[in-house]
Amino acid sequence: DTAVSQTPKYLVTQMGNDKSIKCEQNLGHDTMYWYKQDSKKFLKIMFSYNNKELIINETVPNRFSPKSPDKAHLNLHINSLELGDSAVYFCASRYDGEQYFGPGTRLTVT
Amino acid sequence: KQEVTQIPAALSVPEGENLVLNCSFTDSAIYNLQWFRQDPGKGLTSLLLIQSSQREQTSGRLNASLDKSSGRSTLYIAASQPGDSATYLCAVRGSGGSNYKLTFGKGTLLTVNP
């Protein structure tokens, strides 16, 4: 009965590869997000979708492309991975002002 | 641009103490403020949500206050326990066009020693 789930939990890959992280929420929320938490533990928003439409697109390299096939899913695809992309990526959903986070995906680029 | 600051960055206390974590934000036009807890290697757990019209919220041993005009919030933890050890994050949601966006502070790392 997980509310916001992400796969995979850990992802280790080499520079230059393309990878995807999947996110699903079973809460019926309209709004979903991707956040990045860097090595200093600072959480910063990357994207927000509301009813499958892009609402927020922060200053993120265009190698990062979110895709929302339906309201319950928001996947993150990353092209040409770089060392600096290593971080923990959190998916979240929102209802009535309160935000619910997934468990995170730890991405390590070698 | 909204900026959120949390003080102190780290705090170590003996078990049983009452403690206060501080959060300040630069733009008082907020929709709400949310306190989260993050355990090492884990996701974020929502602790308390305070709407902009509210002054405080309580849940068990936790009490969060909000003074929107001065751009401050505090999280009070009563009778701390070792299980309270975690990073505590404060986040504010903007109002109007920035309503979709949460801005986070860098967190306070709390260690409660038995």
Side-chain angles (χ1 to χ4, degrees), chain A residues 2-7 9-10 21 23-25 27 29-60 66 68 74 87-108, chain B residues 1-6 8-10 23 25 29-54 57 59 64 66 68 73 85-111:
Chain A
T2 304
V4 182
S5 60
Q6 295 178 229
T7 53
K9 189 171 171 65
Y10 300 97
I21 307 172
C23 177
E24 177 180 2
Q25 54 98 0
L27 298 165
H29 294 171
D30 288 339
T31 309
M32 295 184 72
Y33 301 82
W34 277 107
Y35 288 84
K36 179 180 179 180
Q37 189 171 43
D38 59 27
S39 58
K40 296 181 181 177
K41 308 298 183 189
F42 188 46
L43 256 171
K44 194 168 181 186
I45 190 168
M46 299 173 68
F47 300 103
S48 174
Y49 269 70
N50 186 57
N51 265 321
K52 302 194 298 176
E53 287 191 31
L54 182 64
I55 300 296
I56 295 174
N57 184 350
E58 291 290 289
T59 308
V60 176
S68 182
L74 181 62
V88 181
Y89 292 84
F90 286 99
C91 177
S93 70
R94 180 181 76 115
Y95 174 75
D96 196 25
E98 188 160 3
Q99 205 137 344
Y100 300 80
F101 281 78
T105 295
R106 181 174 294 278
L107 171 64
T108 304
Chain B
K1 180 185 172 185
Q2 179 74 271
E3 291 183 6
V4 180
T5 303
Q6 290 187 245
C23 172
F25 45 95
I30 66 168
Y31 184 79
N32 61 34
L33 183 146
Q34 202 166 350
W35 282 93
F36 294 89
R37 168 187 173 137
Q38 185 176 26
D39 293 284
K42 305 280 180 148
L44 279 69
T45 302
S46 179
L47 297 173
L48 289 163
L49 172 71
I50 312 178
Q51 303 293 350
S52 62
S53 58
Q54 297 175 324
Q57 282 287 339
S59 175
L66 174 64
K68 201 175 78 161
S73 175
S85 298
T87 297
Y88 290 80
L89 294 158
C90 166
V92 297
R93 181 176 306 285
S95 58
S98 58
N99 178 257
Y100 285 95
K101 186 176 172 180
L102 263 186
T103 302
F104 280 84
K106 294 187 178 181
T108 294
L109 176 61
L110 172 65
T111 303

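All chains are named by letter (A, B, ...) in the order of the sequence lines, taking the proteins before the strands, and each is independently numbered beginning at 1. Model, not experiment: these values are computed from the prediction.
The candidate with the highest count of non-hydrogen atom pairs below 4.5 Å against chain A, out of B:Gly107, B:Gly43, B:Gly105, is B:Gly43. Between chain B and the options A:Val88, A:Asn50, A:Ile45, the largest number of non-hydrogen pairs under 4.5 Å is found for A:Asn50. Ranked by heavy-atom pairs under 4.5 Å with chain A, the first of B:Thr87, B:Leu49, B:Leu109 is B:Leu49. Considering only heavy-atom pairs separated by less than 4.5 Å from chain B, the leading option among A:Gln37, A:Lys41, A:Arg106 is A:Gln37.
The parts of B:Lys106 that come within reach of chain A are both its backbone and its side chain, each placing non-hydrogen atoms under 4.5 angstrom from that chain. If you measure heavy-atom distances from A:Gln6 to chain B, you find no contacts under 4.5 Å at all. No part of A:Tyr100 comes within reach of chain B, as not one of its non-hydrogen atoms sits under 4.5 angstrom from that chain. Heavy-atom distances place no part of A:Lys40 under 4.5 Å from chain B, backbone and side chain included. Looking at A:Leu43, both its backbone and its side chain come within 4.5 Å of chain B, counting heavy atoms on both sides.
Between B:Phe25 and B:Leu33 there is a side-chain heavy-atom pair separated by less than 4.5 Å. Within the 4.5 Å cutoff, the side chain of A:Phe101 has no heavy atoms near those of the B:Gln38 side chain. The shortest distance between side-chain heavy atoms of B:Leu47 and B:Phe36 does not fall below 4.5 Å.
Using a distance-only test at 3.5 Å, with no hydrogens or angles considered, a donor-acceptor pair links the side chain of A:Gln25 to the main chain of A:Leu27. When atom types are taken as modelled, the side chain of B:Gln6 and the backbone of B:Tyr88 share a donor-acceptor pair closer than 3.5 angstrom. With B:Trp35 contributing its side chain and B:Ala91 its backbone, the two residues share no donor-acceptor pair below 3.5 Å.
Ion pair A:Lys36/A:Asp38 not flagged as a salt bridge, since none of the NZ, NE, NH1 or NH2 atoms sits closer than 4.0 Å to an Asp/Glu carboxylate oxygen.
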